[in-house]
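Report on the following structure.
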Amino acid sequence: MTVERHEFASDNATGICPEAWAALQEANADYAPSYGEDRWTARVCDRIREIFETDCDVYFVFTGTAANALALAQVCKPFQSVICHQHSHIQTDECGAPEFFTGGSKLLLVGGANGSPQRVRPGTDKIDIAQVEALLARQNELHSHQPGAISISQATEFGTVYTREEIAAIADLVRAQQLFLHMDGARFANAIASLNCAPKAITWQAGVDVLSFGGTKNGAAAGELVIFFDKKISRDFDYRAKQAGQLGSKMRFLAAPWLGLLTGDVWVRNAQHANRMARRLACRLRKEAGIESVFPVEANAVFVSMDEQLAGGLHARGWRFYKFIEPDVYRLMCSWSTTEETISSLLADVVAIK
Ligand SMILES: *Cc1c(COP(=O)(O)O)cnc(C)c1O
């Protein structure tokens, strides 16, 4: 029987990292106040303010979908729209949660700079400002949704990273149009590891108003943060989160693993490791199997095109991974726990099948 191997399926297929696990265990030792009144929650919020070097407002939710949808609901009225990439997670993978929680907002989709995303090329992974401008110019007052926010993913769904300058350029447009800028940071850690910059440099300093900061893919069991960089915007968000069923009563078990990640910058080290493994995987696929990455490998994902024989052969040998773009582009994902041995094992199978 073939053993199923999920190592490259997603960065949420892996376990809880040792530091998060130890913190969870420590939080389990005794009784503690509920609903976020505990010391772990307070320390995570303080540590976030330290890491981002600003007095921001921090909230816990259970999933990235909840973080994104509730953040957008906070900055968008029901008659307003959210401009985002056509392959963004909020568009393709959240079952309409942003539309549902905003109570009527519409997602307005734009593509990448290099034309059709069906023809996969670098540049199709990030939103193209010219397309955003054209879209804004087309919005008829009163008869169409009023633009409310722009949402970008950092790192992107294609494993690339917006530079500080690219974010600032989008933020300029956001300010000029009096919109809000939301960042889906399910892989924010990987972006920080990739850019090697201070978290503030690509968030509030660059013009981001609200960040969904992901812990799950970085090494926690669950739990994402919604971070508001302007307290005027976060008003009554606690009620919004509670109404959506996102206020954990045993909050310390969401918070403690986060504390494990944020203490001693484990979150950055986990992401650096995942990114390094992705670069290693891409490099070995190129050198040992002649397979080129479709997108620049800037975070922890490697996208490659595989013919049916190769993809089918790998599946038959137990490897689990997803096709991301038709007809033949697949995603191989690395995480804090990816090892060189696993990469060697995959490569051996790739070479054997080819
Ligand atoms: C994983 C992911 C999320 C969060 O997904 P959930 O399954 O709701 O936790 C959000 N955005 C992006 C880009 C993701 O990859």
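As the structure lists them, so they are numbered: ligands from 1, and atoms in each ligand from 1. Heavy-atom basis, side chains included; hydrogens, waters and symmetry copies ignored. Residue numbers start at 1 and run along the sequence shown.
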**OP:** Answer side chain, backbone, both or neither: which part of Asp184 comes under 4.0 Å from ligand 1, heavy atoms only.
**Re:** side chain
Original post:
Going by heavy atoms in the side chains, are Lys354 and Leu310 under 4.5 Å from each other?
Top reply: yes
Original post:
For ligand 1, is Thr156 a contact, meaning one of its heavy atoms is under 4.0 Å away?
Top reply: no
**OP:** Give the single entry among Glu94, His89, Glu224 that approaches atom 5 (O) of ligand 1 most closely by any heavy atom.
**Re:** His89
**OP:** Could you tell me whether the side chain of Val61 reaches within less than 4.5 Å of the side chain of Leu247, counting heavy atoms only?
**Re:** no
**OP:** Return yes when Arg187 approaches ligand 1 closer than 4.0 angstrom through a heavy atom, no otherwise.
**Re:** yes
Original post:
How does Asn68 reach ligand 1, if at all, at less than 4.0 Å between non-hydrogen atoms: by side chain, backbone, both, or neither?
Top reply: side chain
**OP:** Examine Phe321 together with Phe8 and report whether their ring centres are nearer than 6.0 Å.
**Re:** no
Original post:
Think Lys200 forms a cation-pi with Phe52, using NZ or CZ under 6.0 Å from the six-ring centre and within 45 degrees of its axis?
Top reply: no
**OP:** Would you mind running through ligand 1 and noting each atom that sits below 4.0 Å from a heavy atom of Lys217?
**Re:** 1 (C), 2 (C), 3 (C), 14 (C), 15 (O)
Original post:
Can we say Lys250 and Asp38 salt-bridge, meaning some charged N sits less than 4.0 Å from an Asp/Glu carboxylate O?
Top reply: no
Original post:
Has ligand 1 got any nitrogen or oxygen that is less than 3.5 angstrom from a nitrogen or oxygen of Thr65?
Top reply: yes
Original post:
Would you call the rings of Phe295 and Phe303 parallel, tilted or perpendicular if under 30° counts as parallel and over 60° as perpendicular?
Top reply: perpendicular
Original post:
Can you tell which of Ala186, Gly214, Ser212, Gly64 gets a heavy atom nearest to atom 6 (P) of ligand 1?
Top reply: Gly64
